[in-house]
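Working notes for the structure below.
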Amino acid sequence: MNEIEKMVQELCPNGVPFKKLGEVAKCFSGATPSKTKKEYWESGTISWMNSGEVNLGRVFETENKITELGFNSCSTKMVPPHTVVIALAGQGKTRGMVAITEIELCTNQSLCALVTTDEIDDYFLLHYLRGQYSELRRISSGDGTRGGLNQDMIRNFEIPVPPIAVQRKIVEILDNFTELTAELTAELTARQKQYEYYRNQLLTFTPPQFVKQC
């Protein structure tokens, strides 16, 4: 029996309860100010996230910023740091992907923010929903790249809610794996460059010099 199993057995001997996301998080999407209004975008200071930026995983900065006028012109809302966001739509593999905000920002209408209660650790939710990518794709409407999630689907999506101590232990373990994976990736990249250097050195030959006969 591993450490997590021991904690679950001790803290919730009757099993881990499942709850709908809507019971443990406030779910809302954003909006996009008119792109034809320069005053909504030029010299903007409010970070505005689009659905493609879920690929960042952890969002420390957004490509676009909007002005206060732009913010007030539409129904986008401010999202606090350490909030999980999920792509409701997007091209290719984007739909169903999740990221976590590391700054305060607002989003477009193709992202749903999940502002959790004290029952849920945001990073636990991030890890769990990453593992549910295929299921989120399956339940989304349509098929292929035209499918889409909506807020009702997100609110009704069930997740396990173990005690917060268990959630944080799981996050600690998975974060350690993530850090190790990053280190191994960097090591592999360095080894690949090293291999290419020696390959080029070892497989570069100087042709013989021919002396012209008189």
Side-chain angles (χ1 to χ4, degrees), residues 1-31 47 49 51 53-60 62 75-90 94-141 148-179 181:
M1 183 181 292
N2 62 38
E3 185 176 1
I4 296 297
E5 290 171 331
K6 289 178 182 177
M7 290 179 71
V8 169
Q9 189 176 67
E10 179 184 346
L11 297 173
C12 42
N14 296 322
V16 174
F18 275 67
K19 294 187 178 182
K20 294 179 179 180
L21 263 174
E23 297 178 81
V24 294
K26 182 180 179 181
C27 310
F28 58 87
S29 60
S47 296
M49 181 180 174
S51 58
E53 289 175 311
V54 291
N55 292 283
L56 297 172
R58 297 174 67 186
V59 183
F60 291 93
T62 59
S75 59
T76 191
K77 303 172 184 66
M78 294 307 298
V79 176
H82 313 305
T83 295
V84 174
V85 289
I86 180 168
L88 301 175
T94 299
R95 186 181 80 253
M97 291 184 67
V98 294
I100 193 161
T101 65
E102 299 291 354
I103 58 172
E104 185 179 44
L105 51 75
C106 58
T107 75
N108 74 0
Q109 64 278 4
S110 294
L111 289 170
C112 180
L114 307 173
V115 179
T116 59
T117 65
D118 292 340
E119 288 186 81
I120 297 291
D121 181 279
D122 293 306
Y123 290 88
F124 170 79
L125 181 60
L126 176 71
H127 285 298
Y128 182 76
L129 290 179
R130 279 178 175 168
Q132 296 299 304
Y133 174 75
S134 295
E135 180 62 13
L136 288 166
R137 298 278 292 189
R138 187 190 68 79
I139 67 170
S140 59
S141 59
L149 291 161
N150 59 50
Q151 290 187 52
D152 283 339
M153 291 175 184
I154 300 299
R155 291 189 184 99
N156 288 311
F157 194 81
E158 293 192 341
I159 64 166
V161 186
I164 200 73
V166 174
Q167 295 181 40
R168 288 174 178 162
K169 188 62 181 178
I170 290 171
V171 169
E172 178 187 337
I173 293 169
L174 292 178
D175 280 352
N176 285 337
F177 273 113
T178 301
E179 185 176 338
T181 299

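Fair warning: this is a prediction, and the values are worked out from it, not measured in the lab.
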Steps toward side chain to side chain contact (heavy atoms under 4.5 Å, CB included) verdict (V79, L111)
CA-CA 11 Å; V79 176; L111 289 170; over 6 Å; no
Can you tell me how far CG of L174 sits from OH of Y128, rounded to the nearest 0.5 angstrom?
13.0 Å
Heavy-atom pair of closest approach, residues V98 and R130:
CG2-CG, 3.5 Å
Taking all heavy atoms of A99 and all of L126, pick out the closest pair and write down the distance.
C-CD1, 3.8 Å
For residues P81 and E102, determine if any side-chain heavy atom of one lies less than 4.5 Å from a side-chain heavy atom of the other.
no
Taking all heavy atoms of V16 and all of P162, pick out the closest pair and write down the distance.
CG1-N, 3.5 Å
Any side-chain heavy-atom pair of N55 and T94 under 4.5 Å
yes
If you define the side chain from C-beta out and look only at heavy atoms, does anything of Q109 sit under 4.5 Å from L88?
no
After noting the C-alpha distance and the side-chain angles of E23 and T117, does the key distance pass the side chain to side chain contact (heavy atoms under 4.5 Å, CB included) rule?
CA-CA 9 Å; E23 297 178 81; T117 65; over 6 Å; no
Supply the atom-to-atom distance I170 CD1 to D121 CG, rounded to the nearest 0.5 angstrom.
10.0 Å
Could you tell me the separation between the CG atom of L125 and the NE2 atom of H82, rounded to the nearest 0.5 Å?
14.5 Å
T101 side chain to T83 main-chain N or O, any donor-acceptor pair under 3.5 Å?
yes
For C27 and L114, work out which heavy atoms get closest and say how close.
SG-CD2, 3.5 Å
Name of the residue among T116, V166, L129, V171 meeting side-chain contact (heavy atoms from CB on, under 4.5 Å) with F124
V171
Could you give the distance from CZ (R155) to NZ (K26), rounded to the nearest 0.5 Å?
10.0 Å
Check side-chain contact (heavy atoms from CB on, under 4.5 Å) between E135 and all other residues, then give those that pass, not counting sequence neighbours.
Q132, R138, I139, F157
Might you point out which heavy atoms bring I154 and L21 nearest each other, and give the distance in Å?
O-CB, 3.2 Å
Atom CG in D118, atom CD1 in I164: separation rounded to 0.5 Å?
8.0 Å
Would you confirm whether R95, through its side chain, and L149, through its main-chain N or O, come within 3.5 Å as a donor-acceptor pair?
no
Could you pull out the closest heavy-atom pair between V59 and L105, with the gap in Å?
CG1-CD2, 3.9 Å
Roughly how far, to the nearest 0.5 Å, is the SG atom of C106 from the NZ atom of K77?
10.5 Å
Does one side chain, of S29 or Q151, offer a donor that lies under 3.5 Å from an acceptor on the other?
yes
